[in-house]
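No hydrogens, no waters, no symmetry mates; every other heavy atom, side chains included, goes into these values. The first residue in the sequence is number 1, and the count goes up from there.
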Amino acid sequence: SASYAAWSAPQKIVSSRVWQYERPQLARDVFADAVVVWHREEELNETLSGVEAATRRANAAWSSPVTLHGPRRGGAYAPEVAMDSSGNATAAWQSLLGVQAVSHPVGGSWGRTVTVSRRGRRAEAFQLALDGRGDAAAVFERYVSLELATRRRGGPWRAPSALPGISRLGVYEPKVAMDARGEMIIAWVHDQPGRRVQALVLGANGKPEGSIQTLSRKGPITELQIAANANGDAVVVWREEGKNARPIEAATRLAGRRFANAVTISRQKDTDPTTAVDPRGDATILFTRIQPAATTVEAATRPAHGRWSAAKPVAPPGRGSTFAPHLAAGPTSGLLMAVWGASVAPAPAVIEASIRSPKGTWQTPVVISPPASFSPSITLSANGAATAAWVQQGPLMNNGEREPSFYESIETADYEPG
């Protein structure tokens, strides 16, 4: 079970008085090889942005940070990272040149950066996916179409192509997940009619397995997320935009089948949906519920052949606010682990973590960060080990300046099952 003893002390990877950091992105394998990638930006000049990364071999320390793309090349933002079962990592980000990617073989160093999207007008929002064998896919907006680029393990990225059957009326928030067969489950928000969620499944050969499905009943839509397990069971979750209510909805798919009708998970003022699917096909959604007194992280679950449960708080009540959750599922077990921000005013926020056992019980959360920490992420490996990362902020002491001075850091902690 989760305990203080099971989590390592926080490890500081990078710290700066100049840069501000966004939520770090993580990946790891069962051997404890790991990679963390993050976006940095100067507080007073957002054009001075870049993407950095650090890697770690099993039982070793984190490497010194490496700049994958810096401001001299026009800046970069929105990085993503994934790792195959052997520890080979791929990172991708957006830049003025388009969607770019670079690979890091296990035990090696970062290779040559390549532009995955086509030349010309830059690609917009994108998502990266990697299967256990190391095959990769990136889906991204370009003009008013949706394009897909793929790469076989060890090979070059193939030229992107437009997804078939999508009318050119504008697409947003593309998402992609891959299963062990190389099947790609793709979802996006389409401008017509009314900014609805749509989805398409492509086989490993890149050909559609059925027609495009429209999953949402209303719009406009935001915060689209997707998750899938190695079998191809998948869940797509999104939030409707609204003033008085922001319903969260989800659609699930059993491997080899079409997506079922969407279900409303919550009808209140909610945000931050995050989702995962375990190896049995059971789906879980975490989100932040906005309430007058405090915000709470709540969870809803759905057995592979059952119905969604009512959403319930993950942390015990009366503990202040919890917010900004992130969720990960173990690739070979029914284990789930979540992290989120937690605060009891006037104390600064910390990062908490909790495990949900295969029986469905969330354990008492434990604090894994120092005060003034936020924007957590987590990744869970096949043996139940996990790595969490977050941004931490603090004052610089005795710096001789009249005005308060602060630093921001990227920190991590590791969980080893007992």
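At most 12 heavy atoms of other shown residues, nucleotides or ligands fall within 6.0 angstrom of atom CZ in R257. Heavy-atom contacts from other residues, nucleotides or ligands closer than 6.0 Å to NZ of K312 number 12 or fewer.
Formation of a donor-acceptor pair under 3.5 Å by the S16 side chain with backbone atoms of V18 is found in this model. Listed for the N229 side chain is a donor-acceptor partner under 3.5 Å among the backbone atoms of D278. The main-chain N or O of V297 is found under 3.5 Å from a side-chain atom of T322 such that the two form a donor-acceptor pair. Between the side chain of Q25 and the backbone N or O of R23 there is at least one donor-acceptor pair closer than 3.5 Å. With hydrogens and angles ignored, the 3.5 Å screen pairs a side-chain donor or acceptor of S95 with a backbone N or O of L97. Put simply, the side chain of S309 gets close to the backbone of T301: a donor and an acceptor are under 3.5 Å apart. A donor-acceptor pair under 3.5 Å links the side-chain atoms of S117 to the main chain of V99, judged by distance alone. One N or O on the side chain of T332 and one on the backbone of A382 form a donor-acceptor pair closer than 3.5 Å. Without hydrogens or angle criteria, T284 side chain to A276 main chain gives no donor-acceptor distance under 3.5 Å. Looking at S49, its side chain does come within 3.5 Å of a backbone N or O of A76 through a donor-acceptor pair.
Distance check, rounded to the nearest 0.5 Å: CG of L68 to CH2 of W110 gives 5.5 Å. The distance from the CZ atom of R280 to the CG atom of D233 is 11.5 Å, given to the nearest 0.5 Å. Distance check: I13 CD1 to S63 OG gives 8.0 Å after rounding to the nearest 0.5 Å. Between atom NE2 of residue H326 and atom OG of residue S377 there is a gap of 5.0 Å, rounded to the nearest 0.5 Å. If you take OG on S343 and CZ on F323, they are separated by 4.5 Å, rounding to the nearest 0.5 Å. Distance check, rounded to the nearest 0.5 Å: CD of E52 to NE2 of H69 gives 12.5 Å.
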Verdict with reasoning, L327 to Q225, per side chain to side chain contact (heavy atoms under 4.5 Å, CB included): CA-CA 12 Å; L327 179 67; Q225 301 291 329; over 6 Å; no
Evaluate the side chain to side chain contact (heavy atoms under 4.5 Å, CB included) criterion for residues F140 and V116: first the C-alpha distance (whole Å), next the side-chain angles of each, then the deciding distance (0.1 Å), finally the verdict. CA-CA 10 Å; F140 46 87; V116 176; 4.2 Å; yes
Going through the distances and angles, do L215 and W238 end up as a side chain to side chain contact (heavy atoms under 4.5 Å, CB included)? CA-CA 10 Å; L215 304 182; W238 59 88; 3.8 Å; yes
Set out, in order, the CA-CA distance, both residues' side-chain angles and the distance that settles side chain to side chain contact (heavy atoms under 4.5 Å, CB included) for T150 and M184, then state yes or no. CA-CA 10 Å; T150 59; M184 290 165 279; 4.0 Å; yes
Evaluation steps, side-chain hydrogen bond (donor to acceptor under 3.5 Å, both in side chains), between T214 and R196: CA-CA 7 Å; T214 298; R196 305 288 182 87; over 6 Å; no
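Ring geometry for Y415 versus W7: interplanar angle of 30 to 60°, hence tilted.
At a threshold of 4.5 Å between non-hydrogen side-chain atoms, the residues K175 and I185 do not count as touching. Two residues are said to be in side-chain contact when any heavy atoms from C-beta on lie closer than 4.5 Å; V81 and V36 fail this criterion. Between Q393 and F374, some side-chain heavy-atom pair lies under the 4.5 Å cut-off. Side-chain contact between T67 and R40: present, with at least one pair of heavy atoms (C-beta onward) separated by less than 4.5 Å. When side chains are defined from C-beta on, V366 counts as touching I368, because their heavy atoms get closer than 4.5 Å. Counting heavy atoms from C-beta outward, F126 and E141 have side chains that stay 4.5 Å or more apart. No side-chain heavy atom of V35 sits less than 4.5 Å from a side-chain heavy atom of L26. At least one side-chain heavy atom of Q127 sits less than 4.5 Å from a side-chain heavy atom of I226.
Salt-bridge annotation for R152 and D135: present, with a side-chain N of the basic residue lying under 4.0 Å from a carboxylate O of the acidic one. Residues D414 and R56 are paired through a salt bridge, judged by an N-O separation under 4.0 Å between the basic side chain and the carboxylate.
Qualifying side chain to side chain contact (heavy atoms under 4.5 Å, CB included) partners for P313, counting only residues two or more places apart in sequence or in other chains: E298.
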Just list the side-chain donor-acceptor pairs under 3.5 Å for residues 201-210, sequence neighbours left out, or say none.
| unit_1 | atom_1 | unit_2 | atom_2 | d |
| --- | --- | --- | --- | --- |
| N205 | OD1 | K207 | N | 3.0 |

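When each of R151, M83, E80, R153 is checked for a side-chain contact (heavy atoms from CB on, under 4.5 Å) with T90, only R151 meets the rule. Checking each of R289, E223, R246 against T271 for a side-chain hydrogen bond (donor to acceptor under 3.5 Å, both in side chains) leaves exactly one that passes, namely E223.
If you check the side chains of S381 and N383, you find a donor sitting under 3.5 Å from an acceptor. No hydrogens or angles considered: a donor-acceptor pair under 3.5 Å links the side chains of S211 and R258.
Of all non-hydrogen atoms in P331 and P279, the two that sit nearest each other are O-CG, 3.1 Å. Counting all heavy atoms, side chain and backbone alike, D282 lies closest to A304 at OD1-N, 2.9 Å. The two residues R57 and G107 have their closest heavy-atom pair at NH1-CA, 3.2 Å. Residue L48 comes nearest to W19 through the heavy atom pair O-CZ3, 2.9 Å, listed as atom of the first residue, atom of the second, then distance. Considering all non-hydrogen atoms of both residues, G132 and D84 come closest at O-CB, 3.4 Å. Nearest approach of A149 to P160, heavy atoms of both residues: CB-CB, 4.0 Å.
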